[in-house]
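As structure tokens, the structure follows; a few thoughts come after it.
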Amino acid sequence: MIRFEQVSKRYPDGTTAVDDLSFEVSEGELVTLVGPSGCGKTTTMMMVNRLIEPTSGRILVAGEDIAAVDPVRLRRRIGYVIQQVGLFPHRTILDNTATVPALIGWKRAKARARAAELLDLVGLDPKRYGPRYPDQLSGGQRQRVGVARALAADPPVLLMDEPFGAVDPVVREQLQEEFLRMQADVRKTVLLVTHDIEEAVRLGDRIAVYGQGRIEQFDTPGAVLGTPATPYVAEFVGADRGLKRLSVTEIEPEDLEQPPVARLDEAAGPAADRLRAEGARWAVVLDTRGDLHGWVGIEDLGAGGSVGDRARRMNAWVPVGAPLKQAFGVMLQHDAGWVAVLDGARFLGVLTPGKLHEALRRSVDADALGVSRGQVEFDSVADA
Ligand SMILES: Nc1ncnc2c1ncn2[C@@H]1O[C@H](COP(=O)(O)OP(=O)(O)OP(=O)(O)O)[C@@H](O)[C@H]1O
Ligand SMILES: [Mg+2]
């Protein structure tokens with residue numbers, strides 16, 4: 001959808017902002033550009049909508065060399081969230097959001113209706129916030145308006161220059177989450193600039209790690225964290241990249257252990273005998289549908305009654321597909337040695353610290369080999 005072919009940008013004073021850049025962003029893909037200040041991220045982005053012209057090389061959008069496309073027409077197809085948001089201070093939030101539709105000649109009522117719809121989409125009540133002015137909004141709200149404005153003309157391509165840069169970490173995380181939810185819906189082709197590796201990893205389908213004017217590595221978050229291509233990338237992603245990897249590695253069914261199980265309606269005495277025979281000291285308790293109810297220790301199981309009378313509720317669970325980091329967090333929060341993994345309400349198995357470590361190791365190897373995690377052979381320390 002966006003293709004850079006040996007693109008360079010040199011300024012008259014001799015600065016090479018971007019040096020021989022080639023990469024491609026697929027349709028519906030979100031690529032993050034990450035790197036230190038001054039490495040050429042904004043320059044890269046502004047060449048896509050021709051706010052900056054390359055010195056050499058060419059850029060294609062949807063197969064078309066953009067040098068031959070009228071810049072105004074080009075920009076209709078490309079939403080742009082600029083660094084520092086850049087709302088017009090003397091226009092209301094609603095009119096700010098309607099800027100592009102108004103520019104391209106939509107009727108005022110239609111442009112405003114669309115703006116209201118988009119404010120709603122980014123979590124701002126248009127009735128409440130539409131009539132306000134930018135200085136009557138918090139930083140996070142202003143950034144939401146910036147995103148709404150960029151989406152207003154429903155462009156297939158979105159350029160976002162540090163869209164969540166100017167807010168505190170908590171609000172930032174919230175905005176990122178909202179944006180990911182929205183992106184899952186609208187599936188734009190997105191180039192997003194950030195200088196924050198955490199944000200790059202969290203949002204990107206793929207990441208371009210910039211050195212001075214050049215891409216040092218262009219790969220999935222898992223691969224960048226697991227197998228940095230150069231010492232520079234390793235340094236940039238940081239010594240805690242293993243920890244960061246937890247947030248991009250998903251729990252898969254094959255990561256799970258199958259613990260002893262008891263049924264809610266099972267008689268307590270026989271259940272205790274059965275579990276003892278299996279050498280178990282506790283069991284996960286499921287209802288008749290196979291949904292998680294809780295757990296029970298076999299000392300708690302007396303001779304009479306049912307397992308359900310003695311079972312305790314279990315709150316340490318995560319959905320399958322959640323990142324390992326979430327499972328780790330839940331383990332710590334509940335001070336538990338394992339967490340249940342559910343598909344909807346259905347119990348799939350448990351994740352233990354050993355299995356978590358194994359899943360992480362497996363995903364590093366899988367990324368290095370370019371295969372899926374299930375294809376990697378792995379002997380855990382516990383097995384050896
Ligand atoms: N008009 C200009 N003339 C000369 N050099 C320029 C000009 N505009 C930008 N540069 C230089 O080009 C390089 C890349 O700038 P760019 O704005 O792309 O960086 P960036 O990666 O977006 O940085 P930041 O994270 O600080 O926003 C910088 O060294 C900058 O000083
Ligand atoms: Mg910049």
Side-chain angles (χ1 to χ4, degrees), residues 2-25 30-59 61 66-67 71 74-75 78-87 139-140 142-143 145-147 149-150 157-169 171-172 175-176 179 189-204 206-219 221 224 228-230 232-238 244:
I2 305 173
R3 187 180 162 91
F4 276 67
E5 292 179 353
Q6 298 177 297
V7 175
S8 297
K9 175 65 189 179
R10 266 175 295 279
Y11 286 104
D13 70 353
T15 307
T16 301
V18 166
D19 188 14
D20 196 29
L21 213 57
S22 297
F23 68 93
E24 189 161 359
V25 185
L30 197 167
V31 168
T32 50
L33 310 182
V34 64
S37 185
C39 68
K41 305 182 296 294
T42 297
T43 305
T44 303
M45 184 147 286
M46 288 171 91
M47 287 192 292
V48 178
N49 59 9
R50 297 194 58 186
L51 288 171
I52 295 177
E53 298 290 347
T55 318
S56 60
R58 57 176 205 159
I59 300 168
V61 172
I66 60 168
L74 179 70
R75 282 170 212 152
I78 301 178
Y80 185 31
V81 183
I82 61 175
Q83 205 167 353
Q84 308 304 337
V85 191
L87 299 179
R142 276 199 291 272
Q143 295 210 308
V145 177
V147 174
R149 183 174 61 179
V157 174
L158 206 53
L159 307 177
M160 309 178 82
D161 199 347
E162 309 232 6
F164 315 121
V167 290
D168 65 73
V171 175
R172 174 188 279 228
L175 290 173
Q176 290 169 347
F179 178 69
T189 302
V190 186
L191 262 186
L192 185 148
V193 162
T194 175
H195 57 256
D196 176 8
I197 182 71
E198 301 269 4
E199 179 163 277
V201 161
R202 189 134 189 252
L203 299 180
R206 287 190 296 165
I207 307 176
V209 183
Y210 273 64
Q212 248 351 290
R214 303 185 69 101
I215 293 179
E216 298 269 332
Q217 187 168 10
F218 188 62
D219 217 325
V224 169
T230 63
Y232 169 86
V233 176
E235 167 100 0
F236 188 78
V237 300
K244 293 191 181 97

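Just follow the structure's listing: the first ligand is 1, and inside any ligand the first atom is 1.
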### Task
Scan for salt bridge (charged side-chain N to carboxylate O under 4.0 Å, His left out) pairs involving residues 39-55, sequence neighbours excluded, and state none if there are none.
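Only R50-E53 qualify under salt bridge (charged side-chain N to carboxylate O under 4.0 Å, His left out).
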### Query
Among side-chain atoms of T194 and D196, is any donor-acceptor pair under 3.5 angstrom?
no
### Task
With D19 as reference, evaluate R214, Q212, Q6 under the side-chain contact (heavy atoms from CB on, under 4.5 Å) test and give the passing residue.
R214
### Query
Would you call the rings of F23 and F4 parallel, tilted or perpendicular if under 30° counts as parallel and over 60° as perpendicular?
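Because their plane-to-plane angle is under 30°, the rings of F23 and F4 count as parallel.
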Which atoms of ligand 1 sit under 4.0 Å from any heavy atom of [X]?
{"X": "T15", "value": "5 (N), 11 (C), 12 (O)"}
{"X": "T43", "value": "14 (C), 15 (O), 16 (P), 18 (O)"}
{"X": "D13", "value": "4 (C)"}

### Summary
Within the 4.0 Å heavy-atom cut-off, what T42 brings close to ligand 1 is both
### Query
Mind checking whether the Mg ion (ligand 2) has an N, O or S of T42 under 2.8 Å?
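A backbone or side-chain N, O or S atom of T42 is under 2.8 Å from the Mg ion (ligand 2).
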### Query
Do M160 and V147 come within less than 4.5 Å of each other through their side chains, counting heavy atoms only?
yes
## Note on the structure
Judged by heavy atoms only, the candidate from A17, G38, C39 nearest atom 23 (O) of ligand 1 is G38
